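Okay, structure first, notes after.
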Amino acid sequence: MTTTTHSLAFGAGWHVTDVICTAGAGDRPFEEAHQDFCVAAVTSGTFRYRAQQGTAMLAPGALLLGNPGTCYECGHEHGSGDRCLSFHFEPAYMERIAAGVPGARKLAFEAARLPPLPVLAPLLAEAETAREMAYIDAFEELSLRLAGAAVATASGATHVGRAPSRRDQKRVAEAVRRIELDADRPVSLSALADETATSPYHFLRIFRQVAGMTPYQFLLRTRLHRAAVRLRMSNDAVSAIAFEAGFNDLSTFNRRFRRIMGETPGQYRTRRDTLAVSVS
C-alpha cells in the first residue's frame with residue numbers, strides 16, 4: 001500500500017482523515033471514487049489530480065475538491081509522496097452548509113482544485129496545527145469553516161451576509177450562557193446549533209459575528225480564565241485545576257495556557273506568590 005489513512009475526528013455527516021501517500025514516479029496512478037463531498041488540504045508534497053472537473057497539479061496550500069460519485073486519479077510523475085488533511089461531508093450535510101453561504105450559486109464543485117490562496121492560508125494553518133497538536137475538539141468547527149470557505153470561493157460568492165438579527169443575537173446569548181454553565185464538559189457545536197434551531201454552519205457564522213470568536217474559542221478562553229483564577233486563589237495541583245476546568249490532557253492545557261497568557265501555569269502561579277511577598 002502506498003497510502004495510509006488515519007481518522008482524526010468525525011461527527012454526524014462529516015469526518016476528517018490524515019492521508020499520507022508514499023507513491024513516486026515509478027508507481028502507476030491509482031484510481032478511486034469519492035463517496036461524498038471532499039475538501040482536502042495539501043500540507044506537503046505534490047501530485048496530479050484528475051477528475052470529471054478537469055486535471056490539476058496539487059501543491060501545499062491547495063485544496064482538492066471532490067463531488068460524490070466522481071471517479072478520480074492521482075499520480076506522482078514529478079515527485080514522491082504527499083500528505084493531505086481530507087475533510088468529507090455527506091451530501092445532506094454539505095447542502096445545509098451551502099445553503100448558509102451568502103451568494104453561493106450551486107452545490108457541486110465545478111473545479112478540481114482551489115490554488116493556494118491568501119484568504120485561505122490562516123484557516124489551513126489552523127487545521128494543520130490542530131492535526132499536529134492533536135486538538136481533536138477543534139475539527140468540528142474547522143470542517144464547517146473549511147467547507148463554507150471552499151463553497152464560497154469555488155462558486156465566486158462575494159455577497160456579504162446580513163447583520164445578525166435580534167433573534168440571532170438572542171440565540172448567541174443563550175449559547176454563551178450554555179457554554180459558561182457547561183465549560184468543564186464537552187460542548188458540541190451541533191448540540192448548540194440544535195438548541196437554537198439553526199444549522200451548524202449558520203450558527204457558527206452568527207456566533208462569530210456576534211461574539212467576535214467561534215464557540216470553540218470562547219469555550220477555551222472560558223476554561224483558561226477559570227483555571228487562571230484558581231491558580232491565583234488556590235494551591236491546588238496544576239493537573240487538578242486543568243482537569244476540573246475541562247482539559248483532558250495536561251500538556252495540552254500547558255500549551256494553550258502559555259499561548260494565551262504568555263507564560264506557563266507554573267510561572268503564572270510563581271508570579272502570584274512573588275507579588276504577594278512584595279505587597280506584604
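Here the structure is a predicted model, which means the values were calculated and not measured.
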*Answer whether the closest heavy-atom distance between the side chains of Ile179 and Pro215 falls below 4.5 Å.*
yes

*So which heavy atom on Ala183 is nearest to which on Arg226, and how close?*
CB-NH1, 3.6 Å

_Counterpart residues, ring-ring contact (aromatic ring centres under 6.0 Å, His included), relative to Phe89 (two or more places apart)_ = none

*Spacing of Arg167 atom CZ and Ile206 atom CD1 [to the nearest 0.5 Å]*: 10.0 Å

*Do we get Arg96 above Tyr201's six-membered ring, with its NZ or CZ under 6.0 Å from the centre and within 45° of the axis?*
no

_Pairs satisfying ring pair (Phe, Tyr, Trp, His ring centres under 6.0 Å), at least one member in residues 115-155, at least two apart_ = none

*Phe37 and Val151: side-chain contact (heavy atoms from CB on, under 4.5 Å), yes or no, with the steps?*
CA-CA 11 Å; Phe37 282 101; Val151 169; over 6 Å; no

*asked:* For Arg171, is there any backbone N or O sitting under 3.5 Å from a side-chain donor or acceptor partner on Glu174?
replied: no

_Looking at Arg208, I want to see if its CZ is surrounded by more than 12 non-hydrogen atoms of other residues, nucleotides or ligands under 6.0 Å._
no

*Between the side chains of His88 and Ser86, does any donor sit under 3.5 Å from an acceptor?*
yes

*Aromatic ring proximity Phe207/Phe203, centre distance under 6.0 Å*: yes

*Would one find more than 12 heavy atoms of other residues, nucleotides or ligands at under 6.0 Å from atom CZ of Arg255?*
yes

*Can you name the closest pair of heavy atoms from Phe87 and Val16 and give their distance?*
CD2-CG2, 3.5 Å

*CG/Leu204 to OG1/Thr198 distance, rounded to the nearest 0.5 angstrom?*
10.0 Å

_Does any part of the side chain of Ile97, heavy atoms only, come nearer than 4.5 Å to the side chain of Pro200, both counted from C-beta?_
no

*Side chain to side chain, Leu114 and Val39, heavy atoms closer than 4.5 Å*: no

*In terms of heavy-atom contacts, does CG of Asp236 have more than 12 from other residues, nucleotides or ligands at under 6.0 Å?*
yes

*Using salt bridge (charged side-chain N to carboxylate O under 4.0 Å, His left out) as the criterion, list what pairs up with Glu95, not counting sequence neighbours.*
none

*side-chain hydrogen bond (donor to acceptor under 3.5 Å, both in side chains) between Thr43 and Glu128, intermediate numbers included*: CA-CA 7 Å; Thr43 60; Glu128 189 167 353; 4.6 Å; no

*asked:* Applying side-chain hydrogen bond (donor to acceptor under 3.5 Å, both in side chains) to Ser190 and Glu140, what does each step give before you reach the verdict?
replied: CA-CA 9 Å; Ser190 297; Glu140 184 178 16; 2.7 Å; yes

*Find the distance between OG1 (Thr17) and NE2 (His15) and round it off to the nearest 0.5 Å.*
5.5 Å

*Spacing of CH2 belonging to Trp14 relative to OG belonging to Ser143, to within rounding of 0.5 Å*: 5.0 Å

*Find out if a path of hydrophobic residues (ILVMFWY) with successive side-chain heavy-atom gaps under 4.5 Å connects Phe243 to Val229.*
no

*Glu141 and Arg145: CA distance, side-chain angles, deciding distance, salt bridge (Lys or Arg N to Asp or Glu O under 4.0 Å) verdict*: CA-CA 6 Å; Glu141 283 187 3; Arg145 292 169 60 194; 5.3 Å; no

_Return the CZ to OG1 distance between Arg205 and Thr214, rounded to the nearest 0.5 Å._
15.0 Å

_Sequence-distant partners of Asp18, salt bridge (charged side-chain N to carboxylate O under 4.0 Å, His left out), two or more places apart_ = Arg83, Arg131

Only pairs under 3.5 Å count here: list side-chain donor-acceptor contacts from residues 50-63, not counting sequence neighbours, and write none if there are none.
residue	atom	partner	partner atom	Å
Arg50	NH2	Glu73	OE1	3.3
Gln53	NE2	Leu65	O	3.2
Gln53	NE2	Ala111	O	3.3

*Donor-acceptor pair, Glu126 side chain versus Leu142 backbone, under 3.5 Å?*
no

*Is Val210 reachable from Leu219 through a run of I, L, V, M, F, W or Y residues, each pair having side-chain heavy atoms under 4.5 Å apart?*
yes

*Candidate pair Val238 and Asn254, rule side-chain contact (heavy atoms from CB on, under 4.5 Å), full reasoning*: CA-CA 9 Å; Val238 172; Asn254 288 332; 4.3 Å; yes

*Show your reasoning for whether side-chain contact (heavy atoms from CB on, under 4.5 Å) applies to Val172 and Gln209.*
CA-CA 10 Å; Val172 172; Gln209 287 179 287; over 6 Å; no

*Just jot down the side chain to side chain donor-acceptor pair (under 3.5 Å) partners of Asp137, sequence neighbours excluded, or say none.*
none

_Arg178: partners by side chain to side chain donor-acceptor pair (under 3.5 Å), with sequence neighbours left out_ = Asp182, Glu195

*Other than Phe10, what residues sit in its cluster of Ile, Leu, Val, Met, Phe, Trp and Tyr side chains whose heavy atoms are under 4.5 Å apart, directly or through others?*
none

*So Ser44 and Asp82, side-chain contact (heavy atoms from CB on, under 4.5 Å) or not? Walk me through it.*
CA-CA 5 Å; Ser44 66; Asp82 65 85; 5.6 Å; no

*Any donor-acceptor pair under 3.5 Å linking the side chain of Thr196 with the backbone of Ala193?*
yes

*Who pairs with Phe218 by ring-ring contact (aromatic ring centres under 6.0 Å, His included), at least two apart in sequence or on another chain?*
none

_salt bridge (charged side-chain N to carboxylate O under 4.0 Å, His left out) partners for Asp184, two or more places apart_ = none

Name every donor-acceptor pair, under 3.5 Å, that has one atom in a side chain of residues 25-34 and the other anywhere in the protein, sequence neighbours excluded.
residue	atom	partner	partner atom	Å
Asp27	OD2	Gly24	N	2.7
His34	NE2	Tyr49	OH	2.8

*Path from Leu8 to Val42 over hydrophobic side-chain contacts below 4.5 Å*: no

*Examine distances only and state if a side-chain atom of Asn67 and a backbone atom of Phe109 form a donor-acceptor pair shorter than 3.5 Å.*
yes

_Contact summary for Arg223 and Gly246, nearest pair of heavy atoms_ = NH1-O, 3.4 Å

*Flag the pair Leu224 / Phe253 as yes when at least one side-chain heavy-atom distance between them is below 4.5 Å, and no otherwise.*
yes

*Say you draw a straight line from CZ of Arg256 to CZ of Arg259; how long is it, rounded to the nearest 0.5 Å?*
6.5 Å

*asked:* Using every non-hydrogen atom in the two residues, find where Tyr216 and Ala138 come nearest and quote the distance to one decimal.
replied: CE2-CB, 3.5 Å

*Over all heavy atoms of both residues, which pair between Gly81 and His76 is shortest? Give the atoms and the distance, please.*
N-CD2, 3.8 Å

*Side-chain heavy atoms under 4.5 angstrom apart, residues restricted to Ile, Leu, Val, Met, Phe, Trp, Tyr: same cluster for Leu85 and Val119?*
yes

*What heavy-atom pair brings Phe257 and Pro265 nearest, and what distance separates the two atoms?*
CD2-N, 3.6 Å

*Between Leu146 and Met213, is there a shared hydrophobic cluster once you connect ILVMFWY residues whose side-chain heavy atoms come closer than 4.5 Å?*
yes

*Excluding sequence neighbours, so at least two apart, what forms salt bridge (charged side-chain N to carboxylate O under 4.0 Å, His left out) with Arg113?*
none

